[in-house]
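Treat the numbers as computed from the prediction; the structure is a model and nothing was measured.
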Amino acid sequence: MDVKNAFLNGDISETVYMHQPPGFRDKDKPGHVCLLKRALYGLKQAPWAWYHRFATFVATIGFSHSKSDNSLFIYSRGKDVAYILLYVDGIVLTASSDALRLSIMGKLSSEFAMTDLGPLQSFLGISVTRHLGGMFLSQQSYAKDIIARANMSSCKPSATPVDTKAKLSSTSGPPIEDPTLYRSLVGALQYLTFTRPDISYAVQQICLYMHDPRQEHMHAVRRILRYLQGTLSHGLHLYSSPTSSLISYSDVDWGGCPDTRRSTSGYCVFLGDNLISWSAKRQPTISKSSAEAEYRGVANVVAESCWLRNLLLELHCPINKATVVYCDNVSAVYLSGNPVQHQRTKHIEMDIHFVREKVALGQVRVLHVPSRYQIADIFTKGLPQLLFDDFRNNLGVHKPPA
């Protein structure tokens, strides 16, 4: 559903004056100003005023506000369940029955000027294709626009988004002539990772140098675009899965940054067979050992898993089994279950050790996995094509269904 003139629905609680708009000035009182009762586009308070107005109304029809996600509203009455996801003026509504869905849509339309766009086909530039087994999420047209913006619509495709050579440095080559184009392309590629987790690591690397892009950095951007040219039809598949357990993979490239010697953490979280969360990010501090770096990576994915468990609990789909975290570092596995403060780990911040508490409570199990089957490797380093394709398939990134 789409809300017409969403920001005009918000009520203003503060005292805000504005000049008389051009074309509507009072000739007798040209110096007078207007006291606003409702929000206007361009007003700093407008987004919050609209959100508060919408949240207040849906609360009156039985929805509760999610504590895990500010844009999510949940309705639960017996067997009737409905969810509303709000982003500015776009609304996604799903309900357990058509009667409940039509009832909620009628109440929303009675309060706001709404447009029913029908079954979900596109949201925030992400196209949704339903098939017999589930859904297919794609940003193909958006990827084409990025490639065209870089004047690379006829470029030769690349097999992988990043090579297996040494990582980029802040002094790689001379500065580029047009940093604005670089920043524009990198920002667009960041949004593309919503349905293309296979380029997350490559995009993370080029994001590190937006303040001073060099020639080698621009070459890396073009490498990603050439990879996208050959995989434009790919997207993220979501399947109906009977399994209701959280399985996570965590991996770290210790001291991989040539400038700061910080490590790169990567993780992915699966709900059943579906990839629902992933990340590729440089750690904020330097780790003294690979065990410490891997332990920090495990802490990151455990924190994400805790949030997902709370969110699923609010969605009335609680996870009863422990979250399994696979890590390919044996020392990090031991640290997660051993309460003894070793000489080499006593300097680690106390907040990282919440992993041990979750393990002791039975909410998390940290297990070892051989590096060959460590799917999170795709988020921490460049991989050979055979291994990259294998891990990409494991993430659920394929061509669209027939």
So, [X] versus [Y], ring centres under 6.0 angstrom or not?
X: Y227; Y: F388; value: yes
X: H237; Y: Y239; value: yes
X: F112; Y: F57; value: yes
X: W48; Y: F7; value: no

Find the distance between [atom1] ([X]) and [atom2] ([Y]) and round it off to the nearest 0.5 Å.
X: L246; Y: S277; atom1: CG; atom2: OG; result: 10.0 Å
X: Q283; Y: S265; atom1: CD; atom2: OG; result: 3.5 Å
X: Q140; Y: L228; atom1: CD; atom2: CG; result: 11.0 Å
X: L208; Y: K281; atom1: CG; atom2: NZ; result: 11.5 Å
X: L236; Y: N274; atom1: CG; atom2: CG; result: 8.0 Å
X: L271; Y: L312; atom1: CG; atom2: CG; result: 6.0 Å

Please step through side chain to side chain contact (heavy atoms under 4.5 Å, CB included) for the pair L335 and E294, ending with a clear verdict. CA-CA 10 Å; L335 285 173; E294 294 277 1; over 6 Å; no
Testing the basics here: between [X] and [Y], what is the closest heavy-atom pair and its distance to 0.1 Å?
X: L315; Y: Y83; answer: O-OH, 2.5 Å
X: R282; Y: R262; answer: CG-CB, 3.8 Å
X: Q374; Y: S250; answer: NE2-O, 2.9 Å
X: V355; Y: A299; answer: CG2-CA, 3.6 Å
X: G297; Y: V252; answer: CA-CG2, 4.0 Å
X: R183; Y: P213; answer: NH2-CD, 4.1 Å

Could you tell me whether a side-chain N or O of [X] sits under 3.5 Å from a main-chain N or O of [Y], the two making a donor and an acceptor?
X: Q204; Y: S200; value: no
X: Y41; Y: A6; value: yes
X: S127; Y: S138; value: yes
X: Y75; Y: I104; value: no
X: T195; Y: L137; value: no
X: N329; Y: S331; value: yes
X: S66; Y: D69; value: yes
X: T56; Y: H52; value: yes
X: Q229; Y: K156; value: no
X: S96; Y: V81; value: yes

Do [X] and [Y] have side-chain heavy atoms sitting under 4.5 Å apart?
X: N393; Y: L395; value: no
X: R38; Y: R53; value: yes
X: I286; Y: T260; value: no
X: Q45; Y: E14; value: yes
X: I375; Y: Y267; value: no
X: D116; Y: M105; value: yes
X: L43; Y: L36; value: yes
X: E111; Y: F54; value: no

Heavy-atom neighbours of L386 CG exceed 12 at 6.0 Å: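 Atom CG in L386 is not packed in, count stays at 12 or less.
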Please check if atom NE2 in H19 has more than 12 non-hydrogen atoms from other residues, nucleotides or ligands closer than 6.0 Å.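 Atom NE2 in H19 is not crowded, with 12 or fewer foreign heavy atoms closer than 6.0 Å.
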Classify the angle between the aromatic ring planes of F270 and Y249 as parallel (below 30°), tilted (30 to 60°) or perpendicular (above 60°).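 Geometry flag for Y249 against F270: perpendicular rings.
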Between Y51 and F73, what is the ring plane arrangement, given parallel below 30°, perpendicular above 60°, and tilted in between?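 Ring orientation, 0 to 90° scale: tilted.
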Give the C-alpha distance, both sets of side-chain angles, the deciding distance and a yes or no for side chain to side chain contact (heavy atoms under 4.5 Å, CB included) between D198 and F391. CA-CA 9 Å; D198 50 326; F391 286 163; over 6 Å; no
Taking NZ, NE, NH1 and NH2 as the nitrogens, is one of them in [X] or [Y] under 4.0 Å from a carboxylate oxygen of the other?
X: R149; Y: D145; answer: no
X: K4; Y: D89; answer: no
X: D80; Y: R77; answer: no

Audit row: K167, T264, side chain to side chain donor-acceptor pair (under 3.5 Å) steps and yes/no: CA-CA 11 Å; K167 293 189 176 182; T264 302; 3.2 Å; yes
With R372 as reference, evaluate D377, D328, D390 under the side-chain hydrogen bond (donor to acceptor under 3.5 Å, both in side chains) test and give the passing residue.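 The single option meeting the side-chain hydrogen bond (donor to acceptor under 3.5 Å, both in side chains) with R372 is D390.
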Does NZ or CZ of R196 fall inside the cone over F194's six-membered ring, less than 6.0 Å from its centre and within 45° of the axis?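 The answer is no; the distance or angle limit is not met.
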Before you tell me yes or no, could you show the steps for S279 and E304 under side chain to side chain contact (heavy atoms under 4.5 Å, CB included), namely the whole-Å CA-CA distance, both residues' side-chain angles and the distance that decides it to 0.1 Å? CA-CA 10 Å; S279 172; E304 180 72 7; over 6 Å; no
Would you kindly say whether [X] and [Y] are connected by a side-chain donor-acceptor distance under 3.5 Å?
X: T160; Y: Q385; value: no
X: K107; Y: T60; value: no
X: R214; Y: T171; value: no
X: S169; Y: D259; value: yes
X: S158; Y: R223; value: yes

Would T231 and R392 count as a side chain to side chain contact (heavy atoms under 4.5 Å, CB included) here? Give the steps. CA-CA 12 Å; T231 58; R392 183 182 65 188; 3.8 Å; yes
